[in-house]
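Taking it in order: structure first as C-alpha cells, then the write-up.
Quick note: residue numbers are just sequence positions, from 1. First listed ligand is number 1; within each ligand, the first listed atom is number 1. Quick caveat: nothing in here was measured; it's all calculated off a predicted structure.
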Amino acid sequence: MKKPVISPSILSADFSQLGKVIRTTSETAAEYIHIDVMDGCFVPNLTIGPCVISSIRRYTNKVFDVHLMIEEPIRYIDDYVKAGADIITVHYEACSDLKATLKKIRAAGVRAGLSVKPRTDVSAIRPYLRYTDMILIMTVEPGFGGQSFIYDTIENIKTAKRMTARLKRRIPIEVDGGITPDTIGEAARAGAEIFVAGSAVYKAKNISAAVDDLLFRAGSAYGTKSVH
Ligand code: DX5
Ligand code: ZN
C-alpha cells in the first residue's frame with residue numbers, strides 16, 4: 001500500500017505568525033513543509049528568500065520542500081541549501097542548463113525536484129529523469145495560492161507515472177495547486193504520492209484535522225478507478 005505525503009504550502013499561512021505556524025505544522029501528520037519561492041519574473045508574484053527559510057528552520061525538523069519559481073535557479077542553489085532546504089525543485093521552463101542545475105542541487109547534498117507547468121509537454125523531461133529525485137506536476141498555473149485545480153493536468157500526472165514506471169529507480173510524483181479534499185483523490189489515482197496543499201490546510205479551522213482528512217482521502221483513493 002502506497003503511503004501519501006502531505007506538504008502544506010506556507011504561502012497560504014499568516015506570514016506575521018510564521019514561526020508559530022511552522023511550530024503548529026510540525027505537530028501535524030504532514031511530513032514535508034512546502035515553501036514557494038517566486039521572483040516576480042518567472043511568475044507574476046514575489047515571495048520569500050533564503051533568509052526567511054533559515055529563520056524558520058529552527059522551528060521544525062520536517063522536510064523543507066522548496067519550490068523555486070525563479071529564472072535560472074542555478075544562481076541560488078547554494079543559498080537555499082545553506083538556508084535549510086531538503087528538497088529543491090526547479091522548473092523545466094526556467095533553466096537554460098537544466099542538467100547542470102539538477103546536478104548542482106544533488107552535489108549540494110539535497111534532493112533534486114523537477115517541475116512542469118500545466119501546459120508543458122511532460123515527456124520533455126524524460127532526458128533529465130536520471131538527475132531527478134522527484135517530479136512536481138503543477139496542477140494550476142504557478143504564481144498564486146487558492147486557485148482551482150486544472151483537471152486537464154490529470155493526464156500530465158499519468159504521463160509522469162508511465163515514464164517513471166519504466167525506470168529501475170523510484171521517482172515520486174508530487175502535485176501542487178488546487179489540492180483539496182475534493183481533488184486529492186483524482187490526483188492520487190493518477191499516480192501522485194506527495195500532495196502540496198496551501199489553502200486546504202491553512203484556511204482550515206484545524207490544520208491538523210485538515211492534514212488528516214487529506215491523508216485519509218488520498219490513501220483511500222489508491223487502488224480505486226479514475227473517473228476522468
Ligand atoms: C502556486 C504554488 C503553490 C500554492 C498552492 O504557484 O506553487 O504551492 O501555494 O496553494 P493552493 O493549495 O491553495 O492551491
Ligand atoms: Zn508550490
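Side-chain contact check for Ser208 and Thr28: no donor-acceptor pair (N or O, by modelled atom type) lies under 3.5 Å. Defined by atom type and a distance below 3.5 Å, a donor-acceptor pair is missing between the side-chain atoms of Asp182 and Thr180. Counted by atom type alone, Ser7 and Asp65 present one or more donor-acceptor pairs between their side chains at under 3.5 Å. Between the side chains of Thr25 and Tyr202, at least one donor N or O lies within less than 3.5 Å of an accepting N or O.
Within ligand 1, the atoms closer than 4.0 Å to a non-hydrogen atom of Val196 are 8 (O), numbered from 1 in the order shown. Within the listing of ligand 1, atoms 6 (O) sit less than 4.0 angstrom from a heavy atom of Pro142. Atoms of ligand 1 lying under 4.0 Å from at least one heavy atom of Met69, given by number and element, are 6 (O), 7 (O). Less than 4.0 angstrom separates some heavy atom of Asp36 from each of these atoms of ligand 1: 2 (C), 3 (C), 4 (C), 7 (O), 8 (O), 9 (O). Close approach to His34 involves these atoms of ligand 1, each under 4.0 Å from a residue heavy atom: 8 (O). Every atom of ligand 1 with a heavy atom of Gly177 under 4.0 Å away is listed here by number and element: 14 (O). Within ligand 1, counting atoms from 1 as listed, the ones closer than 4.0 Å to a heavy atom of Ser199 are 11 (P), 12 (O), 13 (O). Using a 4.0 Å cut-off to heavy atoms of Leu11, the atoms of ligand 1 that qualify are 9 (O).
Between the side chain of Ser115 and the backbone N or O of Leu136 there is at least one donor-acceptor pair closer than 3.5 Å.
Here ring pair (Phe, Tyr, Trp, His ring centres under 6.0 Å) pairs that include residues 165-197, with residues two or more places apart or in two chains, number zero.
Not a single ring pair (Phe, Tyr, Trp, His ring centres under 6.0 Å) links Tyr92 to another residue, sequence neighbours left out. The ring pair (Phe, Tyr, Trp, His ring centres under 6.0 Å) check on Tyr128 picks up nothing, with sequence neighbours excluded.
Gly145 CA, 3.5 Å is the protein heavy atom nearest to atom 10 (O) of ligand 1. Of all protein heavy atoms, the one closest to atom 1 (C) of ligand 1 is Phe144 O, 3.6 Å. Distance from atom 14 (O) of ligand 1 to its nearest protein heavy atom, with residue and atom name: Gly178 N, 2.8 Å. Here the protein heavy atom with the shortest distance to atom 5 (C) of ligand 1 is Asp176 OD1, 3.5 Å. Residue, atom and distance of the protein heavy atom nearest to atom 12 (O) of ligand 1 are Gly198 N, 2.7 Å.
Residue-ligand proximity: Ala200 is placed with every non-hydrogen atom at 4.0 Å or more from ligand 1. Within the structure, the closest approach of Lys203 to ligand 1 does not fall below 4.0 Å when heavy atoms are considered.
Nearest-residue assignment for atom 6 (O) of ligand 1 (options Ser9, Gly143, Ala197; heavy-atom criterion): Gly143.
A cation-pi contact, defined as under 6.0 Å to the ring centre and within 45° of the axis, links Lys117 to Phe42. Because its NZ or CZ atom is not both nearer than 6.0 Å to the ring centre of Tyr131 and within 45° of the ring axis, Arg106 does not count as a cation-pi partner of that residue.
Electrostatic pairing of Asp212 and Arg217 does not count as a salt bridge here, judged by no charged N lying under 4.0 Å from a carboxylate O. A salt bridge does not link Asp78 to Lys82: none of the charged nitrogens lies less than 4.0 Å from a carboxylate oxygen. With salt bridges taken as basic N to acidic carboxylate O contacts below 4.0 Å, none links Glu72 and Arg75. Taking 4.0 Å as the cut-off between side-chain N and carboxylate O, Arg119 and Asp152 do not count as a salt-bridged pair.
Put simply, Val175 and Tyr151 are part of the same group of oily side chains (I, L, V, M, F, W, Y) that touch within less than 4.5 Å, one to the next.
Note: an N/O pair closer than 3.5 Å links Gly146 and ligand 1 by distance alone. Where the criterion is an N or O separation shorter than 3.5 Å, residue side chain and backbone included, Glu141 fails it with respect to ligand 1.
Excluding water, every protein N/O/S atom under 2.8 Å from the Zn ion (ligand 2) is given here by residue and atom: His34 NE2, Asp36 OD1, His67 ND1, Asp176 OD2.
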